[in-house]
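Following: one structure in structure tokens, then a few remarks.
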2 protein chains.
Amino acid sequence: MAKRDHAEVCAEVCTHPEILDKVKPEMPDEERLYDLAELFKVFGDTTRIRILYVLFESEMCVCDIAELLNMTQSAISHQLRVLKQARLVRSRREGKTVFYALDDDHVRTIIGQGMEHLEESHGRRKKHEEDL
Amino acid sequence: MAKRDHAEVCAEVCTHPEILDKVKPEMPDEERLYDLAELFKVFGDTTRIRILYVLFESEMCVCDIAELLNMTQSAISHQLRVLKQARLVRSRREGKTVFYALDDDHVRTIIGQGMEHLEESHGRRKKHEEDL
DNA sequence: CAAACATATGAACATCTGTTCATATGTTAG
DNA sequence: CTAACATATGAACAGATGTTCATATGTTTG
């Protein structure tokens, strides 16, 4: 018999069967989890977060956003596309200009919870500076 | 005078000053938004989402997670480090084995809202298949 | 129609990210 | 102490991602 590597030994030996048996049936659809990760990826970029943030305040056109964030029209347009595909943003045409707005209240909740987490975990870090 | 490019013209001409003046002062701290994007980046990976999901059910050790997700111990360990640095997960040593658990209720809220958004926006896509 | 303009998009490029592999660290048993 | 084992981590590599540049599309004005 070939010598088994660490990972194999670990998986067969160190594992806690009562936990595995309990959790395995609860595992949700892989596709669902993939979509969820894709959604959060959209929030995981400074430019897109900033775009969402300015849209909190008001509907606005691509140029307005580019001006506010001090970035090129092209970069903003590319990112608006990503946000739109994720259904976080919707657009409305008015003549030459296209206005963008938040498409969903979950955006506010998700960003709000993110902010709360940052504040709380930052507080905890202050208290337990040592355990890094 | 050199010919000005489109972006410049756009920023100076097509912009809506009443909107910009209203939104500019509301812009939050750049650093805060950066941290927020960093946080969501952590949620934006299938492996990490799956780890968080199994930890919903129960505290468990690295090997358990590796076995459940059918991945190597090393890959899981690397990702647990990321989750821990983001304060989404905490660890507790018991002899040789290290148990990981969710560190924060915001994790549940954020993931929950993400799921809701997916379901709703998926519903909307069914209704308005055309506007892609 | 053509010119001007707001926005969208494809390709290219540099950077970032996740996994693997090898190995280090820390803990327990003998 | 040493062997065995659970976990952690550094380096390297492949694939993903965001911006830029050039240009296309769609709309209004004259």
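In the text below, chain A, chain B and the rest are named by the order of the sequence lines, each starting its count at 1. Any value given below was found using the heavy atoms of this structure, including those in side chains, with hydrogens, waters and symmetry copies removed.
- Every salt bridge (charged side-chain N to carboxylate O under 4.0 Å, His left out) that B:E119 has, sequence neighbours left out, goes to A:R32.
- In this structure, A:Y34 places its OH atom 14 Å from C1' of C:dG18, rounding to the nearest Å.
- Distance A:M71 CE to D:dC21 C1': 14 Å, rounded to the nearest Å.
- Remark: A:R93 is not in phosphate contact with C:dA6, judged by side-chain N or O atoms under 4.0 Å from OP1 or OP2.
- At D:dT17, none of the side-chain N or O atoms of A:Q79 fall inside 4.0 Å of OP1 or OP2 (strictly under the cut-off).
- In this model, the phosphate group of C:dC21 is not approached by any side-chain N or O of B:T72 to a distance below 4.0 Å at OP1 or OP2.
- Look at CE on A:M60: it is 17 Å from C1' on C:dA6, rounded to the nearest Å.
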Atom pairs under 3.5 Å, N or O on each side, protein against nucleotides 9-11 of chain D: can you list them with distances?
unit_1: D:dT9; atom_1: O4; unit_2: B:S74; atom_2: OG; d: 2.7
unit_1: D:dG10; atom_1: O6; unit_2: B:H78; atom_2: NE2; d: 2.8

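- Distance NZ (B:K41) to P (C:dT15): 15 Å, rounded to an integer number of Å.
- Rounded to an integer number of Å, the gap from B:F43 CZ to C:dT17 P is 16 Å.
- Note: A:Y53 and A:F56 have parallel aromatic rings, judged against thresholds of 30 and 60 degrees for the angle between ring planes.
- Distance B:N70 CG to C:dT19 C1': 14 Å, rounded to the nearest Å.
- Using a 4.0 Å heavy-atom distance criterion, A:Y100 is classed as a sugar-phosphate-only contact.
- Qualifying salt bridge (charged side-chain N to carboxylate O under 4.0 Å, His left out) partners for B:R92, counting only residues two or more places apart in sequence or in other chains: B:E59, B:E94.
- Applying the 6.0 Å contact sphere to CG of A:D29 captures more than 12 heavy atoms from other residues, nucleotides or ligands.
- For B:K96, no side-chain nitrogen or oxygen approaches OP1 or OP2 of D:dT7 to under 4.0 Å.
- Rounded to an integer number of Å, the gap from CG of B:L69 to C1' of C:dT19 is 14 Å.
- The nearest whole Å value for the distance from the CD atom in A:E38 to the P atom in D:dA16 is 11 Å.
- Of the candidate nucleotides D:dT19, D:dT7, C:dA8, C:dA8 has the atom lying nearest to any side-chain atom of A:V62.
- Distance check: B:Q79 CD to B:T46 OG1 gives 10.0 Å after rounding to the nearest 0.5 Å.
- The CG atom of A:D45 sits 11.5 Å away from the CG atom of B:L36 when rounded to the nearest 0.5 Å.
- For the helix from C:dC1-D:dG30 to C:dG30-D:dC1, the axis fitted to the five pairs at one end and the axis fitted to the five pairs at the other end meet at an angle of 30° (nearest 10 degrees).
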Please list, one pair per line, the donor and acceptor atoms closer than 3.5 Å that link side chains of residues 106-116 of chain A to other protein atoms, with sequence neighbours excluded.
unit_1: A:H106; atom_1: ND1; unit_2: A:D104; atom_2: OD1; d: 2.9
unit_1: A:H106; atom_1: NE2; unit_2: B:E116; atom_2: OE1; d: 3.0
unit_1: A:T109; atom_1: OG1; unit_2: A:D105; atom_2: O; d: 3.3
unit_1: A:E116; atom_1: OE1; unit_2: B:H106; atom_2: NE2; d: 3.0

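- B:E18 pairs by the salt bridge (charged side-chain N to carboxylate O under 4.0 Å, His left out) definition with nothing, not counting sequence neighbours.
- Scanning both residues, B:I76 and B:A66, for their nearest heavy atoms gives CG1-CA, 3.7 Å.
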